[in-house]
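As the structure lists them, so they are numbered: ligands from 1, and atoms in each ligand from 1.
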Amino acid sequence: MEKEKQMIRAAAEKTAQRMVQPVAAKIDADEELPRHLVEAFGKQGFLSLLIPDAYGGTDGDLTSFCIVIEEIAKVSGSSSLLILAQGMGTLPILLGGSPSQKDLYFTEISEKYSLTAFALNESEGESEAALIKTRAEKQESDYLINGRKCFITHGSLPTFYSVFAVANPKHGPEGISAFVVEEGTPGLLLEKREKKVGMRGSVTMDLIFENCRIPQENRLGEEGKGWKMAMDALNISRPAIGAQAVGIAQGALDFAIHYAKERIQFGKPISSFQAIQFMIADMATRVEAARALVYKAAAQIDAKLKDTEKLSALSKYFASEMAMKVTTDAVQILGGYGYMKDYPVERMMRDAKVTQVYEGANQNQRWRVAQQLLRK
Ligand SMILES: Cc1cc2nc3c(=O)[nH]c(=O)nc-3n(C[C@H](O)[C@H](O)[C@H](O)COP(=O)(O)OP(=O)(O)OC[C@H]3O[C@@H](n4cnc5c(N)ncnc54)[C@H](O)[C@@H]3O)c2cc1C
C-alpha cells in the first residue's frame, strides 16, 4: 500500500480509537453525534475527502474514502455514516457542478465543515426513474420544486442538499435533473425524524418541497442529466458501503476474540474450544474476502476503468451480507452477554443490517450484477 494511504489509515484509526470509540455507545443511546466530533472530522479533512485540493478539500480518491470509513466503522457505524453520507452529498456536485458551484459549495464544506446530503429516495423507491415524483417546474429563470424525499441521511443538519427531481416528465430518466437546494430556502421543510434499528446516531428525515423556488444557477449540469449523475454517484459510493460493512464486521470480530480469550467455561477460556475457534476463523476469512473485494472495486473506480458497475454492486452486496453474518456470530460468541447493551456487538449487529438495505437493497444489487453478466 502506498505511503499516503498508510498515513490516511493511521490518522483515521487514531481518531476512531481516541475520539469515537469512547463515545460510540452514547452516540447510539442518545441518537446523536456530538458536535465536537463533527468538527474533529472536519479538521481531519474527513468531511471533504472527495473534494479536490483546489477547493480546499482533502483530495482523496475512493480508496482513501473507503479506508477512513472502514476505520471509523470499526468502532461506530453511525459516525462512519456521517462521513459516507457527506461524500454522497458531495458527489453530484463533483460529477456535474460548474467551477463556480464547486467553488461555492466545496469551499463552504472545507472551511466551515458544513454538511450536505444526497436526496434521491422517495416513498415509492429509488431504483426506478419512473417512480421519481418530485417535480422541478421551470418558471422563467427559476425552478419550482414540489414533492417529498424520504429517509434522507443527515436530515435537518445540512447547509445544502443535492436533490433529484423531474423537470420534464415526458422524457423518463432523461427528464430528471439534479439541483442544489440550500437550507432555509422557503418551501423546504423537514419532517419525521425516523426511529431506527441501527445507525441510531445518524439523523434520517423526510425532505418536503412545497413550492420551493430555486434559481436555475442551482441546477447541476445540463437539464436531464440528473438520473445518470445519481447512478454514477451510487456506483462510486457502493464500495464505500462495503468498506463500512467491513469495518463494522472487523470491530465485532476483534471484540469477540477479546471476549473469547477472557470468558471461562468448563474451567477454560471459551477460545480453547474448537467450535469457537472455527467460528472465529470463518469470521476472519469472510472479513478478509470482503475487504479484498471492496478495495479491488475502489481501485478500479479510481483507475477510471470501464464497466465498474458489476464489481461495485457485488462488493457492496458481498460485504454487507458478510457483515450481517459476522456480527450475528459475534453476538453468539458472547452468549447472553452478546444480547445485552453492556457490550458493543449487539449495536454492531443492528448497524450492520442497514448496509444490506441502503443504496439499493441487496436483491437489487444481485439483479444489477446479473444484468452485467448476461448482457455479453
Ligand atoms: C437508514 C437509511 C438511510 C438512508 N439514507 C438515504 C439518503 O441519504 N438518501 C437517499 O436518497 N436515500 C436514502 N435511503 C433510502 C435507501 O437508499 C432505500 O431505502 C433503499 O435503496 C431501498 O429502497 P426501498 O426502501 O424503497 O425498498 P424497496 O425497493 O421497496 O425494497 C423492498 C424489498 O424488495 C426488494 N426488491 C426491490 N426491487 C426488487 C427487484 N427488482 N427484484 C427483487 N427484489 C426487489 C428489495 O431488495 C427489498 O428486499 C436511506 C435508507 C435508510 C434505511
For ligand 1, which atoms have a heavy atom of [X] less than 4.0 angstrom away?
{"X": "A361", "answer": "46 (C), 47 (O), 48 (C)"}
{"X": "I152", "answer": "7 (C), 8 (O), 9 (N), 10 (C), 11 (O)"}
{"X": "V357", "answer": "20 (C), 21 (O), 22 (C)"}

Identify the two heavy atoms, one from V166 and one from I132, that lie closest to each other, and give their separation to 0.1 Å.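 Shortest heavy-atom contact: CG2-O, 3.3 Å.
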CD of Q332: more than 12 outside heavy atoms within 6.0 angstrom?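 No - once you tally the heavy atoms of other residues, nucleotides and ligands closer than 6.0 Å, there are 12 at most.
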Does K341 NZ have over 12 foreign heavy atoms under 6.0 Å away?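 Enclosed: over 12 neighbouring heavy atoms sit under 6.0 Å from NZ of K341.
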State if G360 counts as touching ligand 1 under the rule of any non-hydrogen atom under 4.0 Å.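 Right, G360 reaches ligand 1.
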Yes or no: does W367 have any heavy atom under 4.0 Å from an atom of ligand 1?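 Checking ligand 1 against W367, which is what was asked, there is no heavy-atom contact under 4.0 Å.
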Side chains of Y317 and Q363: any donor to acceptor distance under 3.5 Å?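 Their side chains do not contain a donor-acceptor pair, so the 3.5 Å distance test is not met.
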Less than 3.5 Å apart, any donor N or O on the side chain of E223 or S177 sitting next to an acceptor on the other?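 S177 and E223 do not have a side-chain donor-acceptor pair below 3.5 Å.
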Taking only residues two or more places apart in sequence or in another chain, which ones pass salt bridge (Lys or Arg N to Asp or Glu O under 4.0 Å) with D282?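 With neighbours one apart ignored, the set is empty.
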Give yes or no for whether the N/O distance cutoff of 3.5 Å, strictly under, is met between [X] and ligand 1.
{"X": "L120", "value": "yes"}
{"X": "K196", "value": "no"}
{"X": "N362", "value": "no"}
{"X": "E122", "value": "no"}

Location of contacts on V354 toward ligand 1, heavy atoms closer than 4.0 Å: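 For V354, the contact with ligand 1 is made by the side chain alone.
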As a check for students: among F151, Y161, F118, F164, identify the option with a heavy atom nearest to atom 50 (C) of ligand 1.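 Of the listed residues, F151 has the closest heavy atom.
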So between Q363, K149, M199, whose heavy atom ends up nearest atom 49 (O) of ligand 1?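 Of the listed residues, Q363 has the closest heavy atom.
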Please set out all donor-acceptor pairs under 3.5 angstrom arising from side-chain atoms of residues 257-274, sequence neighbours excluded.
residue, atom, partner, partner atom, Å
S271, OG, A260, O, 3.4
S272, OG, P269, O, 2.7

Salt-bridge present (R148, E122; N to O < 4.0 Å):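 Salt bridge: no.
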